[in-house]
Structures are given as structure tokens and as C-alpha cells.
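Working notes for the structure below.
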Amino acid sequence: MLPKVYDPLPVEDKWSEIWQNEKLFISSADRARKPFVIVLPPPNITGALHMGHALNNVLQDSLVRYQRMTGKEAYWVPGTDHGGIATQNVMEKMLKAEGRTKEDLGREKFLERMWAWYADCGGAILNQLRKLGCALDTGKDNVRFTMDAKRAAAVFEAFSALWKKGLIYRGERMINWCTRCGTALSDIEVEYEEEKSKLWHIHYPAADGSKGLTVATTRPETMLGDTAVAVNPEDDRYKALIGGKLKLPLTDRVIPVIADAEVDKAFGTGAVKVTPAHDPADFEIGRRHGLEILRVIDFAGKMTNCPDKYRGKSVQAARKEVVEDLKAGEFLEKEEHYRHSVNKCYRCSQHIEPLVSEQWFVKMKDLAAPAIKAAESEEVKFYPASWKKPFTEWLNKIQDWCISRQIWWGHRIPVWYCKTCSTAGLRFSAAGELSRVSFKGGAKPLVSFTKPGKCPACGGADLVQDPDVLDTWFSSALWPFSVFGWPEKTGELDYYYPTSVLVTGYEILYLWVARMVMSGIEHMGGPPFSYVYVHGIVRDKHGKKMSKSLGNVIDPLSMTGKYGTDAMRFTLLSQAAGGRDIPFSEEALIGGRNFVNKIYNVSRFIMMNLPENSGVIALDEKQLGALKVSGALDLADEWILERYARALDEVKACMADYDIGNAVSAVYRFLWDDFCDWYLELAKPRLETTDKARTLGLILHIFGGTLKALHPFMPYVTEELFSGLKAYTGSDKPFLLKETYPEGGASGGTADADMRKLMGVITQIRTLRAQFEIPPARTVKTLITSSDKSALELLKKHESYISRLARTADMEIAPGLAKPARSVSALSDAFNIYVPLEGMIDLEKEKARIAKETEKLGCELALCEGKLKNGDFISRAAKTEVDRVVLRKADAENKLKRLESILKDLT
RNA sequence: GCGCGGUUAGCUCAGCGGUAGAGCGCCUCUCUUACACAGAGGAUGUCACAGGUUCAAAUCCUGUACCGCGCACCA
């Protein structure tokens with residue numbers, strides 16, 4: 001005897017292993033079939049997968065499996081991402097726990113550790129993806145890594161091509177510097193957070209001893225690097241001072257007052273201290289006016305180039321001291337409370353220092369233009385479409401991309417320098433490693449994948465590589481074609497590129513998606529995918545972002561362990577609609593688990609009824625067709641086939657729109673509401689008769705098809721149950737993924753309408769029973785009458801449905817039946833239903849029921865009458881609508897009349 | 001400041017021009033031989049607010065409020 005409750009774990013372990021061993025998910029460039037390709041957004045090898053990954057992967061898996069079953073050569077390309085700064089940070093933390101730093105190890109040893117970590121963590125991630133049921137082949141030769149040899153070749157090719165086109169350059173610019181990570185970041189890697197702070201008003205006296213002026217700042221410590229004060233040229237308060245000199249407090253420097261139209265007269269005091277080295281806006285002012293760039297904060301976030309007392313102090317400490325000293329010197333006019341946003345590193349949340357530094361950049365304007373066009377023309381189409389605008393707007397405002405990172409883990413910049421020729425431009429650390437390069441100092445770049453044999457200028461062989469690595473997103477940007485071996489012209493590349501759809505969260509739309517589109521167009525001549533399915537973020541149940549510090553992280557694997565993978569997939573998918581964020585709670589998984597159990601129990605029910613060794617009994621399409629033609633099918637059979645077809649049609653329509661959530665719930669509703677609650681209940685008695693084989697055949701046909709239909713969404717339970725029924729369904733395919741997705745093609749016959757009539761009657765009788773507290777086990781006598789003879793015939797013909805599902809006995813179905821005394825009544829369509837209840841009847845209760853019903857119908861009638869009296873409605877509304885209202889009115893009138901007569905008889 | 005999304009049953013959300021829906025929760029009855037992770041029945045909403053368009057508005061338009069998220073500026 002099968003257990004009553006489904007146990008997912010052994011099933012999942014079994015199938016995930018079999019699927020991998022059988023190489024079920026591998027794809028070959030089969031030119032006879034249309035490809036459907038998704039490249040997996042490669043997870044960073046920073047640790048375990050989180051809920052967001054689970055959602056992302058479950059969505060992709062559903063698409064891939066569905067497309068595979070509808071006949072496409074579906075391929076989901078797996079891989080992992082080295083994850084640059086994020087992963088290096090993980091390693092640094094581990095080293096810290098050992099009491100060491102990466103410098104203790106040195107670059108080479110550190111990288112060895114990183115590769116060992118990749119082997120562990122990368123493997124673990126693939127394992128987790130397998131557990132989620134992902135149709136990814138995780139075999140060694142199929143899994144890519146953003147830093148493996150082929151991807152390294154792609155990175156070099158891209159860098160070199162952009163360099164040759166003059167799109168990559170090295171320059172001194174204002175960049176975002178994370179003092180904790182010790183590296184430059186691109187503009188989109190900075191996050192902003194509102195913080196309470198102060199606005200300090202500082203008086204700068206004039207150099208000649210006159211009054212001077214007052215500036216307002218949120219960063220007093222940067223005054224040590226001021227090289228001017230700017231005012232608006234139209235500002236009458238300061239016009240006289242323009243061109244004059246000010247004495248910079250706390251220093252012995254004198255700085256000019258300059259006029260710049262960008263200065264907002266209304267903000268603060270209307271006078272701006274200008275620190276070109278440490279503020280992007282000031283940098284621009286400095287550039288316009290040829291101001292000196294005086295760096296007072298170094299790469300470690302410590303003060304430098306300033307009076308001794310501040311030197312070497314942190315920015316925070318210096319700020320405090322500077323404010324105190326200003327106060328002591330009576331330069332501080334006031335302190336205002338002020339809220340403003342501070343820049344934070346997206347990887348470590350520490351403050352970002354804007355500083356001027358020499359870095360590698362990619363010129364973006366020319367690359368962005370065709371990408372904007374692709375989005376606007378919908379060559380690349382977004383789901384939901386609302387992402388198109390932010391996407392193009394971001395590209396329109398794009399700035400050059402800082403691609404160099406001062407970390408060790410990543411693709412080393414493929415640029416070499418001759419020690420002899422470039423001495424002035426190179427700086428070495430104490431350990432003898434090249435630590436910084438300056439083109440301003442004369443370093444001459446040689447772009448090469450491997451170390452060049454000799455310097456083309458002096459013939460010397462002493463060449464060193466640029467110490468920096470590339471932004472991790474540089475290699476990610478190439479992913480949709482690097483995975484297929486680009487720049488080699490491989491068969492895979494030719495067959496699979498461009499890919500079909502990219503599934504990703506909106507948080508990396510600019511970091512990743514935009515850059516893939518640009519690189520695809522630049523290097524491959526066309527966008528890397530035609531659709532971008534943008535999903536939301538999985539949040540906690542209060543809508544808060546899950547984070548370790550908040551302690552609200554839900555681990556997907558512990559959830560699948562507790563509720564089963566299929567349950568979690570179902571829950572995520574049904575909530576994923578519309579690309580919005582998903583508030584996720586453990587309780588939500590219960591619904592999914594219950595559904596899985598329901599499916600399992602259908603199978604269990606079927607198994608219990610199957611004759612042993614019967615061979616194939618499921619009906620195929622041909623047999624069904626024949627039965628239909630010969631009229632051998634019962635109304636319920638016709639009905640369930642119609643509902644089944646309609647559900648499948650809905651799935652098809654939804655999937656075409658990437659509306660996976662609604663596709664799943666269409667099958668859910670069909671299986672649970674139609675198939676289980678009505679059809680199986682009606683089929684039960686027939687399983688005791690000579691109709692058994694035919695009924696079982698139909699059940700197997702539909703249930704087998706439903707399992708196929710559900711398989712893309714809930715792969716494990718469907719595979720397990722389908723395989724258990726194979727001997728009876730006659731399937732010759734080893735796996736559901738090899739089956740053809742069932743087709744709908746609902747015909748719109750009369751079965752549904754007829755069945756609705758019966759269901760209405762049944763529901764009414766059930767309601768009466770419940771309201772008059774008739775024990776479920778007890779049968780009741782029931783009379784059904786109507787003036788509609790053909791409708792009565794329908795009931796008469798299917799009397800057994802009613803007696804079975806409403807537990808009636810001695811039913812009388814005939815026209816003109818009088819309401820028996822001491823009976824309760826209900827209306828359904830054209831039917832009057834009477835249930836005699838000697839002794840049990842509560843007259844007042846029945847009267848109240850009928851009164852309530854009468855009131856409802858009265859409202860309905862009034863509504864219809866109101867509409868029909870309205871001349872505008874008659875003349876302007878669609879004719880079908882007017883007809884409908886006329887019918888509704890007639891129906892309400894008719895029912896009211898019947899109720900009235902029932903009430904009269906009620907004594 | 002600009003933009004995007006949200007505001008519907010206690011909770012989470014679907015519906016997006018023709019009589020308010022689902023799941024969970026709640027109440028009543030039932031361990032009826034697939035399933036109590038179930039079945040049957042029930043209660044519950046001026047669809048944020050104000051205008052407008054329309055014969056008809058939760059649904060379209062405009063504005064307001066509140067919530068969330070981007071982007072920019074914040075000296």
C-alpha cells in the first residue's frame with residue numbers, strides 16, 4: 001500500500017541523478033530543429049545560492065523544459081562567474097579568520113587559493129542547481145566559467161578589438177574608490193543611501209584681511225584640498241570678490257575666488273569650496289578653470305598632502321578634528337542638520353571616496369547608440385515592457401566605463417610594459433611587484449595575450465604586465481557568445497547565437513544586460529537575445545530585501561528539504577507574475593506542498609484501481625476520436641475532455657507571453673477543481689461497472705497528459721508518477737522531457753454548458769443539506785421540477801450524477817411537480833429543487849433564506865431594469881450587451897416569481 | 001527634482017471597460033474505501049481619495065495622498 005503522503009526527497013535524489021547520468025540535458029547543434037537557447041546568468045562563486053537564484057533558475061528551467069517538449073532543440077548553457085571583487089572579498093574574509101591577509105600570501109599564492117575555492121564552490125553551486133531540478137547538464141565539458149581558457153581568449157579578443165578601434169583608453173579621471181576593497185569601481189557599482197549629516201558653514205577670510213566669504217559643505221575635511229572658491233557670476237553678494245584671493249583656514253595657502261555658472265545661488269551660502277581632487281562636480285569646475293588638483297586623501301582613505309597634524313588620519317577622524325579646529329579658530333559659522341545621500345560600495349557597503357586616478361576606460365557613447373536602437377525597435381524586447389524606457393534612458397546618459405580594478409582575482413589586463421622604456425611610468429611595491437602604471441609618466445602599452453618576447457622599441461625582454469584586472473562585468477558582457485567558443489567560429493556559435501531569451505532580475509539590468517547587448521552588437525554584429533524576461537526580487541514576507549544583516553534570509557535548499565523542490569518551484573512560479581517583487585514566506589510553501597500531494601494522490605487512486613498486468617489501457621487520441629463519434633462517451637467524459645483541452649490552450653497562450661505563473665495555475669485549477677473534485681468523483685461509481693476499462697483509459701489519458709503539462713514546472717513528482725504509470729499509458733519515452741507537450745484545441749461543444757446545469761443543481765442541494773445540517777452520510781429525497789422539458793430530460797438522463805454527488809435518494813424529476821409540504825427549496829437555472837425534511841425543518845430559517853435570495857434577485861432586477869430604461873444604453877451599448885441584460889432581467893423576474901410561489905407554499 | 005511601479009477580502013496577490021476573484025487564514029459539518037497536505041458548505045470588499053471620459057469604470061484619462069524602487073543633484 002502506497003503511503004498517503006508524498007515523500008519528495010528520495011524521488012528528487014533518484015531522478016536528478018538519473019537525468020544527469022543519462023545526459024538528458026545535453027544538446028547538439030541539430031540543424032533539423034529550431035534551437036531554443038538560454039544562457040544561464042552565471043552565479044558568482046561567492047557561496048551558496050539564495051532565493052533569488054532559485055526564482056531565476058526555476059523560471060528558466062520551466063521555459064527550457066517547455067520548449068524542449070514542444071519540439072525545439074532546447075539548450076540551457078550552464079556556467080559560473082568568477083565574481084571579481086565579491087569573490088575576492090569572500091576569500092579575504094576567510095584569510096582574516098586565519099589571521100592572515102592576501103598580502104601575506106602574495107599574488108601568486110593568493111590566486112592558487114582562489115582557484116581551489118572555485119573548484120569547491122563552483123561544484124557546490126552546480127549541485128544546488130541540480131537539486132532545484134534544473135535541466136542543465138553539469139558535466140565537466142559542458143560547464144563554462146568566466147575565467148576558463150576559452151573565456152580568457154574571448155576577453156582578450158574583446159579588449160584587443162576595442163583597443164584597436166580606439167574605444168579603450170587609459171586616462172586620469174574622477175573615479176569611485178572603495179577604500180576597503182582597495183579598488184576603483186564603475187559608476188553603477190556605487191549605491192546611494194540617505195544619511196543624517198551636517199552642513200557646516202565655514203568662513204574663508206580674504207587674503208587682504210577684509211571680510212571674505214562663507215562656504216557651506218558636508219565634507220569639511222576636504223577643505224584641505226581646496227584650490228578655489230566658486231560663486232555664481234550673477235550673484236550680487238559676491239560679484240566684488242570674483243578674482244580676489246582668500247586665505248584657506250587651517251593652512252597657509254591662498255586660493256582664488258572664481259565665477260562659475262553651475263553654482264546654485266540658492267543653495268547653502270551660494271559660495272562653493274572647490275576640491276577638484278575629491279568631488280566629481282568640483283573636478284569639472286577645476287577642469288573648466290584650470291585649477292590645480294590637490295589630492296589630500298590617498299588610496300587607503302587617509303589624509304595626505306596636508307598640514308602634519310592631519311596627515312595619516314582617516315577621513316572620519318580628520319573631519320572631526322578639522323571641525324574642532326575651525327571652531328577654535330572661529331571660522332565655523334554654523335552647523336545645520338542635513339540629510340544627504342552618501343556613496344557606498346555595492347560589494348562591501350563602505351563609503352566610496354571619489355578620487356582622481358589613472359584608470360582604464362571604455363568609451364561608451366558609440367557602443368550604446370546601436371543598443372538603444374535595438375531596444376527601441378524591439379529587436380530586443382522586454383517583459384514586462386515597462387523596462388524598455390529605463391533601459392534606453394540609462395544608455396542615453398551613459399558615461400565611460402571604468403574597467404580596471406585594483407584587485408587580484410580576475411582577468412589580468414592584457415597590457416605589457418617594457419621596464420626599460422617605461423621606467424618613469426611604472427611604480428613597484430616594496431616586494432618588487434608592479435603596483436601602479438601611469439601613462440602620464442610615460443608607460444607605453446603593448447596589448448598582448450601572452451608576454452611579448454621583446455620590446456618593439458628597445459628590443460629589451462624585461463616586460464611586465466599591467467597589475468590591474470578587468471571589471472568582472474567585462475567578461476560577463478561577452479557571456480552569450482563566449483560560452484559558444486567565440487572568437488573561434490564554432491558550429492555552436494553559428495547555431496545557437498543569438499540566444500532566445502535572457503532571464504534575469506532587474507537589479508543587474510545595467511550592470512549586465514545593457515553591456516551584453518552592446519557587446520553582442522559590437523563583436524557579433526547583433527544583439528545576443530531577442531527577449532529579456534525581467535523578474536523581481538524575492539523579498540521576505542514584509543517586503544524587505546533579504547539580507548544576512550537583517551537575519552531574514554530564507555535558504556532555498558532548506559525549504560526544498562522541508563517541503564520538496566516541486567512545492568517550492570510551484571510556489572515561486574505562481575507568485576512570479578508580472579515581474580514584480582515576490583514577498584516570500586515559508587507558509588506560502590504549504591500550498592505548493594499540498595498541490596504536490598494532491599497530484600500524488602490522484603496517481604495513488606489510479607494505481608489502486610488498476611488491474612494487475614493489464615497492459616496498456618490509456619486511450620490514445622485515435623481511440624478517443626472513435627468513442628466520441630460512436631457516442632460512447634458519457635457527458636462527464638465529454639466535459640472533462642473539453643476542460644482539459646481548454647486548460648492546455650490556456651497554457652499555450654500564457655507560455656507564448658512568458659506568463660509562466662498563469663500557465664501553471666491553469667493546470668492547477670483544471671487538475672484540482674475540474675478533474676479531482678468533479679470528474680473523479682463521478683468516475684468512481686463507474687469503476688465498479690463494465691465501464692471500468694474505458695473510464696480508466698480516459699482517466700489515464702488525461703492524467704498522463706496533465707503530468708506532461710505540469711512537468712516543466714514540477715519536474716520531479718511528474719517524472720516519478722508518470723514513470724509509475726508507464727505500463728498502462730504505453731509511453732515508450734524514457735523521460736517526460738522526451739514526450740511531446742500535450743495540445744489543447746478546445747472545440748466549444750455543449751458538454752460544458754450541460755455539465756454546468758448539473759453542477760448547479762448539485763451545489764444547490766449540497767447547500768441545502770449543509771444549511772439544514774443534514775449529516776453527510778444521510779441521503780435525502782429530492783424533487784426537481786421545471787417548465788423547461790429538455791433541461792429536465794438532461795437531469796433525468798444524468799440523475800446518477802446528482803444522486804452520487806448530492807447524496808439524494810428517491811429522486812423525482814418531472815415537470816409540474818408540486819412543492820411537498822415541510823420541504824426546503826432552492827432554485828438553480830430553470831429548476832425548482834425541493835427537499836422534504838420532515839421534522840428537521842426550521843421554518844424561520846427557511847423563510848430568512850428565501851428572503852435573502854429574493855432581495856438579491858430584487859437588486860439584480862432593479863439593475864437590469866435601470867439599464868433597460870436608459871435610452872442611451874439601448875442606443876449606444878453593444879447589441880450583445882443589451883441582449884444579455886434582457887436575458888438577465890427575464891431570468892431574475894422568473895426566479896422571483898418562482899420564489900414568491902414557494903414562499904406562499906411554505907407553511 | 002525626473003522617472004517607474006504599487007494602493008482590490010484579515011494576509012499575499014490576480015483581474016485591467018459590462019453583475020467583485022484565487023490561495024492562505026476564519027466559521028460550520030465530515031476521518032464518505034486517492035488525498036484531513038482532504039471534501040462539502042459559509043462569512044468577509046464605497047476595488048486609496050477627488051475629478052473627468054463613457055450608455056457603463058476596480059478597469060481608461062487627470063490630479064491628490066501614502067508606500068516602494070530607480071536615476072540625477074545635493075556643494
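Keep in mind that the numbers below use all heavy atoms, side chains included, and drop hydrogens, waters and symmetry copies. Throughout, a chain's letter reflects where its sequence line sits, starting with A, and its residues are numbered from 1.
- Of the listed nucleotides (B:rU32, B:rA34, B:rG6), B:rG6 has the atom at the smallest distance from the side chain of A:Arg580.
- Among B:rG41, B:rC55, B:rC37, the nucleotide with an atom closest to any side-chain atom of A:Asn870 is B:rC55.
- Between the side chains of A:His278 and A:Thr222, no donor-acceptor pair of N or O atoms lies under 3.5 Å.
- More than 12 heavy atoms of other residues, nucleotides or ligands shown are found within 6.0 angstrom of NZ on A:Lys845.
- The side chain of A:Arg884 contributes an N or O atom lying less than 4.0 Å from OP1 or OP2 of B:rU19.
- At whole-Å resolution of the value, CD in A:Glu262 and P in B:rC74 are 9 Å apart.
- A salt bridge links A:Arg643 with A:Asp674: at least one charged nitrogen is closer than 4.0 Å to a carboxylate oxygen.
- In this structure, A:Arg769 does not reach the B:rA40 phosphate: none of its side-chain N or O atoms is under 4.0 Å from OP1 or OP2.
- Of the candidates B:rA36, B:rC74, B:rG18, B:rC74 carries the atom nearest the A:Phe267 side chain, counting heavy atoms from C-beta on.
- Here the closest heavy-atom approach between residue A:Thr269 and residue A:Tyr238 is recorded as O-OH, 2.6 Å.
- Nearest to the side chain of A:Phe873, among B:rG39, B:rG41, B:rG18, sits B:rG18.
- Within the structure, a side-chain polar atom (N or O) of A:His340 is placed less than 4.0 Å from OP1 or OP2 of B:rA75.
- Note on A:Trp200: nothing from the nucleic acid sits closer than 4.0 angstrom, heavy atoms only.
- Residue-to-nucleotide contacts include no donor-acceptor pair under 3.5 Å from the side chain of A:Arg604 to the base of B:rC35.
- In this structure, A:Lys598 does not reach the B:rA38 phosphate: none of its side-chain N or O atoms is under 4.0 Å from OP1 or OP2.
- Between the side chain of A:Lys867 and the base of B:rA56, no donor-acceptor pair of N or O atoms lies under 3.5 Å.
- Glycosidic conformation of B:rU46 is syn; the angle stays within 90° of 0.
- The side chain of A:Lys889 places no N or O atom within less than 4.0 Å of a non-bridging phosphate oxygen (OP1 or OP2) of B:rU19.
- For B:rA34, the base has a donor-acceptor partner in the side chain of A:Glu681 [N/O atoms by modelled type, under 3.5 angstrom].
- Atom CD in A:Glu221 sits about 11 Å away from atom P in B:rA75, given to the nearest Å.
- Side-chain atoms of A:Ser341 lie closest to B:rC74 of the nucleotides B:rC74, B:rG18, B:rG41.
- Nearer to the 5' terminus of RNA chain B, by closest-nucleotide assignment, is the contact made by A:Glu587 (compared with the other of A:Glu587 and A:Arg766).
- In this model, the phosphate group of B:rC4 is approached by a side-chain N or O of A:Lys389 to a distance below 4.0 Å at OP1 or OP2.
- Annotation: of the two residues near RNA chain B, A:Ala877 and A:Pro776, the 5′-most nearest-nucleotide partner is A:Pro776.
- Regarding A:Phe605, its CZ atom lies at a distance of 13 Å from the C1' atom of B:rU32, rounded to whole Å.
- Side-chain contact of A:Asn176 with A:Asp187: a donor-acceptor pair under 3.5 Å is present, judged by distance alone.
- A:Tyr6 and A:Glu720 form no side-chain donor-acceptor contact under 3.5 Å, judged by distance and modelled atom types alone.
- The side chain of A:Asn597 approaches B:rC35 more closely than any other nucleotide in the set B:rU12, B:rC35, B:rU19.
- Of the candidate nucleotides B:rC69, B:rC35, B:rC4, B:rC69 has the atom nearest to the side chain of A:Arg539.
- Of the candidate nucleotides B:rA34, B:rA38, B:rA14, B:rA14 has the atom lying nearest to any side-chain atom of A:Asn662.
- OP1 or OP2 of B:rA38 has at least one side-chain nitrogen or oxygen of A:Asn594 nearer than 4.0 Å.
- Contact annotation: A:Trp672 side-chain N/O to B:rG39 OP1/OP2 distance is under 4.0 Å.
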